[in-house]
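In what follows, chains are A, B, ... by sequence order, proteins preceding strands, each numbered from 1. Just so it is clear, the values below take in all heavy atoms, side chains as well, and ignore hydrogens, waters and symmetry mates.
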2 protein chains.
Amino acid sequence: MDRVRDPHPDETRGPVEFRQLSYFIAVAETGSISAASRRVHVAQPALTRQVRLLEEDLGTRLLERHARGVSLTVAGQALFEEAVQLLDRRTQIRTRLTSLGQGLIGKVSLGVTVTHLWVPEVANLLRRYRDRYPRVAFEVFPLLSGPQLERLREGSLDAGILYLDSADQPGLETRLLQHDHLMLAVPEASPWASAPPNCLSVLKEADFVWGFRSVSPVYYDRVMAHFQRLGFEPRVVQYGADNITILSMVAAGLGIAIVPSASSAHPMPGIRFLHLEELAACDMPLWLAWRSSNDAPALHNLIGLVEEVFG
Amino acid sequence: MDRVRDPHPDETRGPVEFRQLSYFIAVAETGSISAASRRVHVAQPALTRQVRLLEEDLGTRLLERHARGVSLTVAGQALFEEAVQLLDRRTQIRTRLTSLGQGLIGKVSLGVTVTHLWVPEVANLLRRYRDRYPRVAFEVFPLLSGPQLERLREGSLDAGILYLDSADQPGLETRLLQHDHLMLAVPEASPWASAPPNCLSVLKEADFVWGFRSVSPVYYDRVMAHFQRLGFEPRVVQYGADNITILSMVAAGLGIAIVPSASSAHPMPGIRFLHLEELAACDMPLWLAWRSSNDAPALHNLIGLVEEVFG
DNA sequence: CTCTATCCATATCAATCCGGCATGTCAGCA
DNA sequence: TGCTGACATGCCGGATTGATATGGATAGAG
């Protein structure tokens, strides 16, 4: 296998290097090889040679050599304009990629359960990310855990703040954010508000507002498993689509509800959040998750900020 | 004067060479450094190093290295698209400049006196140039000698076929095309047509159609100088703006006219061209002229074709 | 489970490329 | 006619690039 002349007409044959173009621009702008050599801090013979190489590669004279400097031929003028554009383009690409590599530009989408949008740490995270990386297109989607997981897997979501049934998700990386637990939400006007129950069994006959399993299976199953362990079965009188709906029903006095502690992050009119040992014992870990194959620096900056915000 | 680190932030600092981009494209398209090395006919370690250099220059990882090939990071994908465009651009520039250098593309404007558009050699020249260099924007302007000279000097005309009072024009190059002389144009219906005059003195009492000096001083002065030498002064009864107008007046029977021999190149209805020794003795050299500083290959191709057409 | 094939990374050497220095040549100018 | 400024040429040293040899890690086959 000897080294023959490349038989197939590769599109990238022949020099015309950036350096030559840059030199040529200097020559064109100064109108003199010597002056250009001073400008680019390169000896004059080097420029003479590079320009000549350029002329040979293109098969065209680019300069008219006079006793006092040089002038451009028509081909030289054409090349000059093109060369300026080409070099500009290169620096654009360099800065663009450098920024991209540092996560200063790009795109990140983050899913957050509506409930946790109100948690101070999360709100803090969003605000600080926007402040620190203003040029990144940062999209926040209010989504339940299930859809988040789906969209993370299919790649339409870069990261998610959600409940998981396990820290070990194939194809995903996870990081524990905090431990939620459960609380009791009661109407402010109800007897429970003035006389808080101290154990779950007291609530045997209470009217409960409950969620659908299909909406958020991970959360639902976890809660139900806990209740089975406790041997408690709530008497459900009303169902609500999501946590916000459920809470509004509680506020309306339709019943009481079991909700994630995150819900109490901001006060809601007409609702009192009550602490119960048996509910607080239900550990509800909140996770950050992202595709392990996703290496976008903008995403990892977000993850880094999570480290800052959630110690 | 020692070699310190370049203190001023030159815009063309840092590599990112065409070669590296070309290698990177091969890697991206094959999804493997080894496969790419076979495609570009370069050893694998060389590619490994060039890609790494690219990554260092840009400060960004471009590839994810797996046991079986590599995959692009988001930055890598961005660079891939940019690199393809940049390399395409370079080859475009190369072909464009090569073509330009060979005069296969570009722009040429040629002035021709209306009279000489009908001369077979000139028509031939125009046709052959268009045939041989179809991609050149070739513009032919019907202009008298005076305006041609003006526009040649100011640069809005690349070449001209015209009369000159001297072959020696500052800033212009000239080439003799052919020797015109003068002829007599008479109405076909006139007595002169059936009984041609054999000397100028016979025409002493004839009605002449004449041109304005201001329209084409070079031509006019030359003719007048000749007539002064002959001691002949025509009796002018009518003036015409240009040669075509004059000839149409002759055809209409308004008088007879002295015209360049080139006018007889194509027959005109109602006109008879007559040869007279005294008129043929007036040498009217026809020139090709162009700016000596004009190095456009497309122009010199035209000049070369002139050499072919006019021996 | 081990063995092998494949692919990427590293080290070293040789060739080539590029820039610097010294020098030559030519045109314009006093 | 000598002088100056500008481009061209020859030669040398240093840097860059590619080739060869080799190591390490992983996926697939038996």
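Comparing atom distances between the P45(A) side chain and each of dA8(D), dC7(D), dA21(D) picks out dA8(D) as nearest. Distance from the side chain of S34(B) is smallest for dC8(C) among the nucleotides dC8(C), dG20(C), dC7(D). The side chain of A67(B) lies closest to dA27(D), out of dA27(D), dA8(D), dG18(D). For R65(B), counting side-chain heavy atoms from C-beta on, the closest listed nucleotide (dC8(C), dC18(C), dC7(D)) is dC8(C). In the set dC8(C), dA19(D), dT9(D), dT9(D) carries the atom at the smallest distance from any side-chain atom of R52(A). Picking from dA8(D), dA19(D), dT10(C) the nucleotide with the shortest atom distance to the side chain of I33(A) gives dA8(D).
Note: T73(B) OG1 to Q77(B) CD = 7.0 Å, rounded to the nearest 0.5 Å. Taking CH2 of W290(A) as the start and CG of L302(A) as the end, the distance is 9.5 Å to the nearest 0.5 Å.
OP1 or OP2 of dT17(D) sits under 4.0 Å from a side-chain N or O of R19(B). Regarding contacts with the backbone of dG19(C), a side-chain N or O of Q50(A) is found under 4.0 angstrom from either OP1 or OP2. A close approach under 4.0 Å does not occur between any side-chain nitrogen or oxygen of T48(B) and OP1 or OP2 of dC8(C). For Y23(A) and dC18(C), the shortest distance from a side-chain N or O to OP1 or OP2 is not below 4.0 Å.
To the nearest angstrom, P of dA15(D) lies 15 Å from CZ of R49(B). Look at NE2 on H66(A): it is 12 Å from P on dA8(D), rounded to the nearest Å. Atom-to-atom, CZ of R68(B) to C1' of dT26(D) comes out at 8 Å; the value is rounded to the nearest Å. Between the P atom of dA27(C) and the CD atom of E64(A) lies a distance of 15 Å, rounded to the nearest Å. One atom, CG of L54(B), and another, C1' of dT17(D), lie 14 Å apart when rounded to the nearest Å. In this structure, L53(A) places its CG atom 10 Å from C1' of dC18(C), rounding to the nearest Å. Between D57(B) atom CG and dT16(D) atom C1' the separation is 13 Å, expressed in whole Å.
At least one cation-pi condition fails for R222(A) and Y163(A): the charged atom is not both under 6.0 angstrom from the six-membered ring centre and inside a 45 degree cone around its axis.
Applying the 3.5 Å distance criterion, the base of dA9(C) shares a donor-acceptor pair with the side chain of Q44(B).
A salt bridge links R65(A) with E55(A): the distance from a Lys NZ or Arg NE/NH1/NH2 to an Asp or Glu carboxylate oxygen falls below 4.0 Å.
Toward the 5′ end of DNA chain D lies the nearest nucleotide of R38(A), the other residue of the pair L47(B) and R38(A) mapping further downstream.
For an aromatic pair to be called close, the ring centres must be under 6.0 Å apart, and F138(A) with Y129(A) satisfies this.
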